[in-house]
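One-based numbering, in listed order, for ligands and for the atoms of each.
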Amino acid sequence: MKSFTHLDTFSINDAYKALGEYEGKARLNAGGSDLLAILKGDVLNDYPETIINIKTIPGLDYIREDGDYLRIGALARLSDIVRSPLLNEKYRLLAEAAHTIASPQIRNVATLGGNICQDTRCWYYRYPRKIGGPIQCLRKGRGACLAVRGDNRYHAIMGGKKCFAVCPSDMAVALAALDGRLKIAGPKGERSVAVAEFFHPLGKDLARDEIVREIEIPARRVPSQQTFLKFTLRKPIDFAIVSVASVVTIEQGVCTDARIILGAVAPFPVRAKVAEELLIGKPISEEIAIASAEEALTGSKPLSKNSYKIQIAKTLVKQAVFSSMEAGEMLHPFQNF
Ligand SMILES: Cc1cc2nc3c(=O)[nH]c(=O)nc-3n(C[C@H](O)[C@H](O)[C@H](O)COP(=O)(O)OP(=O)(O)OC[C@H]3O[C@@H](n4cnc5c(N)ncnc54)[C@H](O)[C@@H]3O)c2cc1C
Ligand code: SF4
C-alpha cells in the first residue's frame, strides 16, 4: 500500500472544506471497508494523497423518527441498522437488507453512507496491480467498456449505457423501495437526491467536494409488508446476483400501494413500475403475483453471458409478492409497517 496523509475531521463543514482544498487528491474514509481494499489493490488511476477520516465527526450515526421522516446519519453502521428496534418494528426492510451484507465484523465498521457510495465491483475495474493490473476501462477514463465483449456474467441486464457495472449497494435497493433521499452537503449548501437517481452511468451524483450527510425516508403511517430477497452464489458473504426489495400495502384484502425495486440488474436500483401497476387495486393472488413477476423485467437487454439473471429476478419478484400476500392476511395494525 502506498503512503498517504491521514486527516481527522470533526464536522461536516471540515470534511467538505478539506475535500475542496485537496482538489480531487483526497478521499473520504468512513469505515474504510471498501476504500482501503481499493487502495491496497492499487486499482485507481489517481491514488489519493490524503485520506479524510469522517468517523471522527460526532453525532452522525443517529437513527431516529422526526415528525414526517425517518432520518439516518451517514455514519450509522450496518450493524446499528440490523439491531435498531425502530427499524425492526417499522422499516424492517432496511434491517433485513443490512443483515444480508458481508459479515458481522464488516457490518461493525461499514457505514450506511459508505455502503451507498462504495465503488463498483466490476472485476475489470477492480483488477489489482500486483497480478497484472490495473486494467483501464471507460469508467476509469481510458478506453472502452471491457464487459461488453468480455465476461459479463455479473453485469447489468438493463439500464447500461456506457458502463455495465451494476450498483453494488444492497442498502440503496432497500432505501429506494422506501422512497429514500440522500441529503448531500457541500460548499454550495445542501441538496437532496432520490436514492435511485444518485447512480449515474459512469459514477455518482456527488461532486468532488461533497459528502452524504443523511438519508431521509418518509415516515411509514400505514402498515405494509416489507421484503428484501437476495440471490447470491455463496451463502455467506457475497454480493447479489439479483436482489428485490418490495413494500406492499394491503387494505381489506386489496393491494393499495406497491413498490418493487430490483437490485444488481442495472447501474442503479430499478423500479419495476409495470409490475407494481399490476398489483395495485387488486386482491393479491397467485395469478397476479406470477403476472407481476413476468412484467418486472420489461425492457431488459441482457449481454452475452447474463440472460440467466432474468429468470432469477422474476422468481424473486414472485416470492416477494407471495410473501406480501401471506403476511397481508395476518397483518396486525401495529406490526410490519
Ligand atoms: C467481503 C465484503 C463483502 C461485501 N458484501 C456486500 C454485500 O453483499 N452488499 C453490499 O451492499 N455491500 C457489500 N460489501 C460492501 C460493504 O457494504 C461496503 O464496503 C461498506 O458498506 C462501505 O462502508 P464504509 O463505511 O466502510 O465505507 P468506506 O470504505 O469508508 O468508503 C467507501 C466509499 O464511499 C465514500 N464515502 C464514505 N462515506 C461517505 C459519505 N458519507 N459521503 C460521501 N462519500 C462517502 C468513500 O470516499 C469511499 O469512496 C461488502 C464488502 C466486503 C469487504
Ligand atoms: S462495466 Fe464499467 S467498470 Fe466494468 S469494464 Fe465496463 S466501463 Fe469499466
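For the pair Asp205 and Arg191, the salt-bridge criterion is met [side-chain N within less than 4.0 Å of a carboxylate O]. Taking a cutoff of 4.0 Å between a charged side-chain nitrogen and a carboxylate oxygen, Lys17 and Asp14 do not qualify as a salt bridge. Salt bridge status for Asp179 with Arg259: present, with a side-chain N to carboxylate O gap under 4.0 Å. A salt bridge links Glu65 with Lys90: the distance from a Lys NZ or Arg NE/NH1/NH2 to an Asp or Glu carboxylate oxygen falls below 4.0 Å. Asp34 has a carboxylate O that lies under 4.0 Å from a charged side-chain N of Arg121, or vice versa, which qualifies the two as a salt bridge.
Scanning the protein for heavy atoms near atom 14 (N) of ligand 1, the closest one is Phe239 CZ, 3.2 Å. The nearest heavy-atom contact from the protein to atom 41 (N) of ligand 1 is Val212 O, 3.0 Å. Here the heavy atom of the protein found nearest to atom 36 (N) of ligand 1 is Cys117 CB, 3.8 Å. At the shortest separation from atom 24 (P) of ligand 1 among protein heavy atoms lies Gly31 N, 3.5 Å. Nearest to atom 27 (O) of ligand 1 among the protein's heavy atoms is Gly114 CA, 3.4 Å. The protein heavy atom nearest to atom 46 (C) of ligand 1 is Leu28 O, 3.0 Å.
Summarising the geometry of Met1 relative to Leu39, their closest heavy-atom pair is CE-CB, 3.8 Å, with the distance given to 0.1 Å. In terms of heavy atoms, Ala289 sits closest to Val321 at CB-CG1, 3.6 Å. Across every non-hydrogen atom of Ala240 and Thr232, the tightest pair is CA-CG2, 4.1 Å. Counting all heavy atoms, side chain and backbone alike, Asp238 lies closest to Leu233 at OD2-N, 3.5 Å.
The contact set between ligand 1 and Pro168, taken as ligand atoms under 4.0 Å from a residue heavy atom, comprises 9 (N), 10 (C), 11 (O). For ligand 1 and Asn29, the ligand atoms under 4.0 Å from any heavy atom of the residue are 30 (O). Remark: ligand 1 atoms within the under-4.0 Å shell around heavy atoms of Ile237 are 1 (C), 3 (C). Close contacts of ligand 1 with Asp238, meaning ligand atoms under 4.0 Å from a residue heavy atom, involve 8 (O). Taking every non-hydrogen atom of Ile54 and a distance limit under 4.0 Å, the qualifying atoms of ligand 1 come out as 38 (N), 41 (N). Below 4.0 Å from some heavy atom of Ala30 lie the following atoms of ligand 1, by number and element: 25 (O), 30 (O), 37 (C), 38 (N). Within ligand 1, the atoms closer than 4.0 Å to a non-hydrogen atom of Ser33 are 18 (C), 19 (O), 20 (C), 22 (C), 23 (O), 24 (P), 26 (O), 29 (O), numbered from 1 in the order shown. Listed by atom number, the atoms of ligand 1 under 4.0 Å from Asp170 heavy atoms are 7 (C), 8 (O), 9 (N), 10 (C), 11 (O).
Checked by atom type and distance alone, the side chain of Ser292 never pairs as donor or acceptor with a backbone atom of Ile288 at under 3.5 Å. Between the Lys2 side chain and the Lys40 main chain, no donor and acceptor come within less than 3.5 Å of each other. Checked by atom type and distance alone, the side chain of Asn115 never pairs as donor or acceptor with a backbone atom of Leu112 at under 3.5 Å.
Using a 4.0 Å cut-off between heavy atoms, Ala74 contacts ligand 1 through its side chain alone, with no backbone atom that close. By the criterion of a heavy-atom distance under 4.0 Å, the side chain of Ile106, and not its backbone, is placed next to ligand 1. Contacts between Lys230 and ligand 1, counted as non-hydrogen atom pairs separated by less than 4.0 Å, involve the side chain only.
Applying the side chain to side chain donor-acceptor pair (under 3.5 Å) definition to pairs two or more places apart or across chains, those involving residues 244-255 are Glu251-Thr256.
Cation-pi geometry between Lys140 and Tyr125 is satisfied (NZ or CZ under 6.0 Å from the ring centre, within 45° of the ring normal).
Close N/O approach between Asn115 and ligand 1 is found [any backbone or side-chain N/O within under 3.5 Å]. Residue contacts with ligand 1: Glu210 is placed with no nitrogen or oxygen under 3.5 Å of a nitrogen or oxygen of the ligand (distance criterion only). On a distance-only criterion, Ile211 and ligand 1 share no N/O pair closer than 3.5 Å. Checking only distances, Leu35 does come within under 3.5 Å of ligand 1, N or O to N or O. Residue-to-ligand polar distances keep Leu78 apart from ligand 1: every N/O pair is separated by 3.5 Å or more.
Val242 and Val166 are members of different hydrophobic clusters when ILVMFWY side chains are connected at heavy-atom separations under 4.5 Å.
Residue Lys55 places every heavy atom at 4.0 Å or more from ligand 1. Heavy-atom separations between Leu206 and ligand 1 include at least one value shorter than 4.0 Å.
Of all protein N/O/S atoms, those lying under 2.8 Å from atom 8 (Fe) of ligand 2 come to 1.
To the nearest 0.5 angstrom, Cys255 atom SG is 5.0 Å from Leu279 atom CG.
Screening Glu277, Glu197, Glu276 against Arg271 for a salt bridge (Lys or Arg N to Asp or Glu O under 4.0 Å) leaves a single residue, Glu276.
Side chains of Arg181 and Ser192: a donor-acceptor N/O pair is present below 3.5 angstrom, by distance only.
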